[in-house]
Participant: 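I'd like to ask some things about the structure below.
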Amino acid sequence: MPPSIHELSSQFAVHGLKFEAGNGGLLKAVIRTPLSQGELYMQGAHVTNFQPEGQKPVLWMSEKSVFETGKPIRGGIPICFPWFGPLASDPKAPGHGFARTTLWSLISTQALSDGSVAIELQSEINDFLVKLDVTFAQSLQLTLHVELKKTATQPATFEEALHTYFTVSDVRQIAIAGLEATGFVDKVDSAKVKPATGKSVLFDGECDRVYLDTTATCVLNDPGFRRTIEVAKKNSSSTVIWNPWIEKSSRMADFGDDEWPGMVCIETANVGTNSIQVSPGQSHQMSVTISAHHVV
Ligand code: TA6
């Protein structure tokens, strides 16, 4: 039984953080501080809003997203774990694993002296104890901690992604810098492995690329919004770039047919050959820090 808003509030509400019934009645934390505002749904520990003071919203949400128990929310920062994409060994398994559709538990909340708000959540997924630390400041920081329980009988391998959807003025006008020197798996072209392009990523059609063996910070240049968004990461060796464009958007019920120009995903991940193996009792932390900057 999920905790009530009253129970959550009495135990975890702090200055700048309260709890409400969100869309579909799903429990959410609402953050309002002088530095930024944000929202996080307890289902999936899913950040659905982050807007630094004086900036436009940074994260994109589909108008068509469903908000139902056990169903993925479209937009924000879904957590993909313990696998990414379809599960090769079980076609019936939910895409991107089930961390994003599980009800996470709150561990702690803090109103910090610099005006930011920190939230810690956890979930048990198979033999893993998974924790997410989120700090809403002028920037947004997420750290995904994955620990294989000591009771596990052998090492385990997992994939993970913070599948971040960014709001953009027009995906046809943006450029993503940081991946110029990295080859990629092109999921729009039969998963062919393609060499580094030496250029920023530009968009003139559906894009679904898995860049492997890269720890680079990505910079989203958005002239239409006169801003850059920096996506810096720790302990992540994969970056996924996605825009569904026209045809794929029309095939997704929870994605408006005319929404594709306004978003792009820059995903902080460890997938494929960058999957992580941990032994019983061992843990791994992957972090992303997202910051928006005006461009005069
Ligand atoms: O990260 C890109 C991707 O793997 C795409 O292939 C597309 O499937 C996207 O994730 C969204 O997946 P979802 O299961 O949320 O519809």
Side-chain angles (χ1 to χ4, degrees), residues 23 26 41 43-48 59-88 90-102 125 142 144 158-168 171 174 176 178-179 182 184-194 201 203 205-212 214 218 220 231 233 236-257 259-275 286 288 290:
N23 295 334
L26 298 181
Y41 278 79
Q43 173 172 286
H46 195 135
V47 178
T48 52
L59 304 181
W60 177 87
M61 283 293 298
S62 171
E63 293 290 321
K64 300 279 189 183
S65 178
V66 298
F67 289 86
E68 289 175 30
T69 302
K71 296 230 175 112
I73 295 169
R74 176 68 66 192
I77 309 180
I79 297 173
C80 304
F81 179 85
W83 63 82
F84 182 81
L87 184 61
D90 177 2
K92 292 196 186 68
H96 291 324
F98 38 86
R100 64 176 175 169
T101 51
T102 299
I125 294 175
L142 286 78
L144 187 63
F158 62 87
E159 294 179 304
E160 57 186 350
L162 296 169
H163 191 298
T164 310
Y165 289 73
F166 291 97
T167 291
V168 298
V171 72
I174 66 168
I176 298 175
L179 299 166
T182 307
F184 58 94
V185 174
D186 188 346
K187 290 168 63 178
V188 174
D189 186 7
S190 312
K192 285 181 190 146
V193 178
K194 298 194 174 168
V201 182
F203 298 82
E206 180 183 355
C207 176
D208 194 348
R209 299 180 176 185
V210 180
Y211 290 81
L212 295 169
T214 171
C218 286
L220 192 169
V231 184
K233 59 181 193 172
S236 157
S237 299
S238 317
T239 295
V240 182
I241 306 292
W242 181 57
N243 180 282
W245 214 254
I246 301 165
E247 202 274 324
K248 182 150 189 181
S249 303
S250 68
R251 294 206 311 267
M252 294 187 284
D254 63 347
F255 197 115
D257 293 357
E259 290 185 316
W260 59 270
M263 58 72 67
V264 71
C265 285
I266 303 174
E267 306 164 33
T268 302
N270 286 299
V271 301
T273 52
N274 295 143
S275 299
M286 176 178 77
V288 66
I290 294 165

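For the numbers below, each heavy atom of this structure counts, side chains included, while hydrogens, waters and symmetry mates do not. Both ligands and their constituent atoms are indexed starting at 1 by order of listing.
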Participant: Hey, which atoms in ligand 1 end up nearer than 4.0 Å to a heavy atom of K248?
Facilitator: 6 (O), 7 (C), 8 (O)
Participant: Please could you name the atoms of ligand 1 that R74 approaches to less than 4.0 Å, counting only its heavy atoms?
Facilitator: 11 (C), 13 (P), 15 (O), 16 (O)
Participant: What residue among I266, V47, T164 forms side-chain contact (heavy atoms from CB on, under 4.5 Å) with I290?
Facilitator: T164
Participant: Please list, in number order, the atoms of ligand 1 under 4.0 Å from a heavy atom of V240.
Facilitator: 1 (O)
Participant: Relative to the ring of W83, is the ring of F98 parallel (under 30°), tilted (30 to 60°) or perpendicular (over 60°)?
Facilitator: perpendicular
Participant: Any side-chain donor-acceptor pair under 3.5 Å between N274 and S238?
Facilitator: yes
Participant: As an exercise, identify every atom of ligand 1 less than 4.0 angstrom from a heavy atom of E267.
Facilitator: 1 (O), 2 (C)
Participant: Kindly say whether W260 contributes a backbone atom to a donor-acceptor pair with the side chain of N243 at under 3.5 angstrom?
Facilitator: yes
Participant: How long is the span from the CG atom in L26 to the CD atom in Q43, to the nearest 0.5 Å?
Facilitator: 5.5 Å
Participant: Mind checking whether W242 and Y165 have parallel, tilted or perpendicular rings, split at 30° and 60°?
Facilitator: perpendicular
Participant: When you measure from atom 12 (O) of ligand 1 to every protein heavy atom, which one gives the shortest distance, and what is it?
Facilitator: H96 NE2, 3.2 Å
Participant: Tell me which protein heavy atom sits closest to atom 5 (C) of ligand 1, plus the residue, atom name and distance to 0.1 Å.
Facilitator: D208 OD2, 3.2 Å
Participant: Can you sort out which atoms of ligand 1 are near F84, meaning under 4.0 Å from one of its heavy atoms?
Facilitator: 1 (O), 4 (O)
Participant: Among L142, T214, L162, whose side-chain contact (heavy atoms from CB on, under 4.5 Å) with K233 holds?
Facilitator: T214
Participant: For atom 4 (O) of ligand 1, which protein heavy atom lies nearest, and how many Å away is it?
Facilitator: K187 NZ, 3.1 Å
Participant: With backbone taken as N, CA, C and O and side chain as the heavy atoms from C-beta onward, which portion of R100 lies under 4.0 Å from ligand 1: side chain, backbone, both, or neither?
Facilitator: side chain
Participant: Just heavy atoms, cut-off under 4.0 Å: does R209 contact ligand 1 by side chain, backbone, both, or neither?
Facilitator: neither
